[in-house]
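I have placed the structure first, in the form of structure tokens, so that the comments after it can refer back to it.
Values below: all heavy atoms of this structure, side chains included; hydrogens, waters and symmetry mates excluded.
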Amino acid sequence: MPITNPRIAILGNRVPSANLPEISHFTDLGSLLAVAAFDVVLLDMPGTHAGKVLRKLRSIPPYRYTLIYCCREQDALCEALGDGACPADSNEIKTKWRGWLERFKLFNQGTAPERFESRVLSWLWMRDDARIYALRDPEVPQHYRYPLLDALADSEQVNAFVWLSLVAQQNWLEEGVLVDRVRLCSDCGSGRLNFIDVCAECHALDISRQPSLHCFTCGHVGPQESFLKDGVLLCPNCLNRLRHIGSDYDRPMENYRCRSCQAFFVDAEVQARCLDCGLSHTPDKLRVREVRDYRLTEAGRFRCRQEFSDRSAQHFGRLNLLGGKDFYDLLSWQIQLVRRYPDPPFSLIGLRFVNLTGTLSRLGEQRGHAFIDSVTDRLKETVRDTDRCSRSTEEFFWIMLPHTDANGLAIVKQRLGKVAELFSAPEISDVSLRVISITAPQDLLDQEDGELLLARLASELG
Ligand SMILES: [Zn+2]
Ligand SMILES: [Zn+2]
Ligand SMILES: [Zn+2]
């Protein structure tokens, strides 16, 4: 593409110190939105204002994925939705934008992501080290929300917390910093709870702390004032005079009194009363939820790259590529089979493309992608129709070969040598291929299932 410089817009005041010659200036959001979308937007306004503008921009398609920087201080909303502080000069902006554009072009070639999940993952993938930040918000019943998810949801109803934990279970996202731990009503999910002390006997709210006495003669316990008679202490039950604390009477532990049922008790019971639905719960029945930030996993990054290239998707399709969990399950099942019926055996090959991740980011998305394609082509020549592969990160690749003994394995490994030949070109000479293999059942360890086996082999691949 001939365009090498981004069209930059600045919204708000002009930045006097910045070295930004070729930018368009807008004083209000309406006039920015009235013209064709820019490639990069700089917000020069106080943080709280910038946060609101960002929220608006992220929720409309033309600026959903655009690089948007904040020139002044940033509030939490700016952090959650923006691309950070404004780069020092236009050259830095250009560099960042070109990196962004390579990914955006890949993603734009295919169909624009229809699904909420793809929108979120691609937003993260287009920027380095992006996160889904949790934001404290007293206006929402759960106390926290995720502004990025809200902005990308469009009109879809998304339960952010449920969605995040599901996507994290699928290993596309990983948990970041633990921000808070909140307790929520188990009925309506609200976090607006009032913790109250109630009577341990009848659960009435109207209790009070009251000094009380305990008569040793008859065992009566009652409020202190009921023992006072004409200036001396007298048990209202047995009418004995109480002279010495410790020998005639003492102060019991029970020092709460219920005004409703008159019971005395040591510790009041605690209830959490939901201010939204009105129901009361014992604290152990509340739902506990951890609030965290999230970021894209390596597997998620890989999925985005794969999803946005039709050609690559075809190749991987022909490799019978299975997701992590499916592959573990299949492998565990094969292991169970050979433990029971040792014949026929099966084999497993692990490949590690050392330095591949670094090399890919150095090559850039387009060329890196072409390289991945050629690797895939070579792998395809090695893999047979009945084999199954998995590739959960950039660097590790697994091939399961059913009905294959040590001799069959040796032949396949020989063919794999052709893949390694690809790494002789100078620009990718950093990449090297490490191979490990086992034949089951003889190379299995006791109690090993699919996941444990892969973990053992992965650590041997270093
Ligand atoms: Zn009571
Ligand atoms: Zn008494
Ligand atoms: Zn409730």
Does any donor atom in the side chain of D28 or S31 lie under 3.5 Å from an acceptor atom in the other side chain?
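Note: D28 and S31 side chains meet the donor-acceptor criterion.
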Aromatic plane relationship, Y146 with F161 - under 30° parallel, 30 to 60° tilted, over 60° perpendicular
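Rings of F161 and Y146: perpendicular, as their planes differ by over 60°.
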Are R103 and D128 within salt-bridge range, i.e. N to O under 4.0 Å?
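So R103 pairs with D128 through a salt bridge.
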Using a strict threshold of under 4.0 Å (side-chain N to carboxylate O), is an ion pair present between R131 and D129?
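Result for this pair is yes, salt bridge flagged.
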For T439, side-chain hydrogen bond (donor to acceptor under 3.5 Å, both in side chains) partners two or more places apart
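Applying side-chain hydrogen bond (donor to acceptor under 3.5 Å, both in side chains) to T439 gives S347.
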Listing request: all salt bridge (Lys or Arg N to Asp or Glu O under 4.0 Å) pairs with a residue in [range], at least two apart in sequence or in separate chains.
range            : value
residues 189-199 : R192-D276
residues 48-65   : R58-D83, R64-D154
residues 132-141 : D137-R145

Measure across W97 and P6 and return the closest heavy-atom pair with its distance rounded to 0.1 Å.
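Heavy atoms of W97 and P6 come nearest at CD2-CB, 3.4 Å.
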Give the minimum heavy-atom separation between E448 and R456, together with the two atoms involved.
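It is OE2-NE, 2.6 Å.
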For E92, salt bridge (Lys or Arg N to Asp or Glu O under 4.0 Å) partners two or more places apart:
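Once residues adjacent in sequence are excluded, the partners of E92 under the salt bridge (Lys or Arg N to Asp or Glu O under 4.0 Å) criterion are K96.
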Centre-to-centre under 6.0 Å for W100 and Y65, is that the case here?
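Here the rings of Y65 and W100 have centres that are no less than 6.0 Å from each other.
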Near-ring test Y133/Y144, centroid separation under 6.0 angstrom:
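That pair fails the under 6.0 Å test.
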Geometric cation-pi criterion R119 and W123, 6.0 Å radius, 45° cone
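Cation-pi check for R119 and W123: fails.
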Who are the ring-ring contact (aromatic ring centres under 6.0 Å, His included) partners of H214, not counting sequence neighbours?
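Once residues adjacent in sequence are excluded, the partners of H214 under the ring-ring contact (aromatic ring centres under 6.0 Å, His included) criterion are F216.
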Set out, in order, the CA-CA distance, both residues' side-chain angles and the distance that settles side chain to side chain donor-acceptor pair (under 3.5 Å) for R251 and Q224, then state yes or no.
CA-CA 9 Å; R251 296 187 174 277; Q224 185 171 278; 2.6 Å; yes
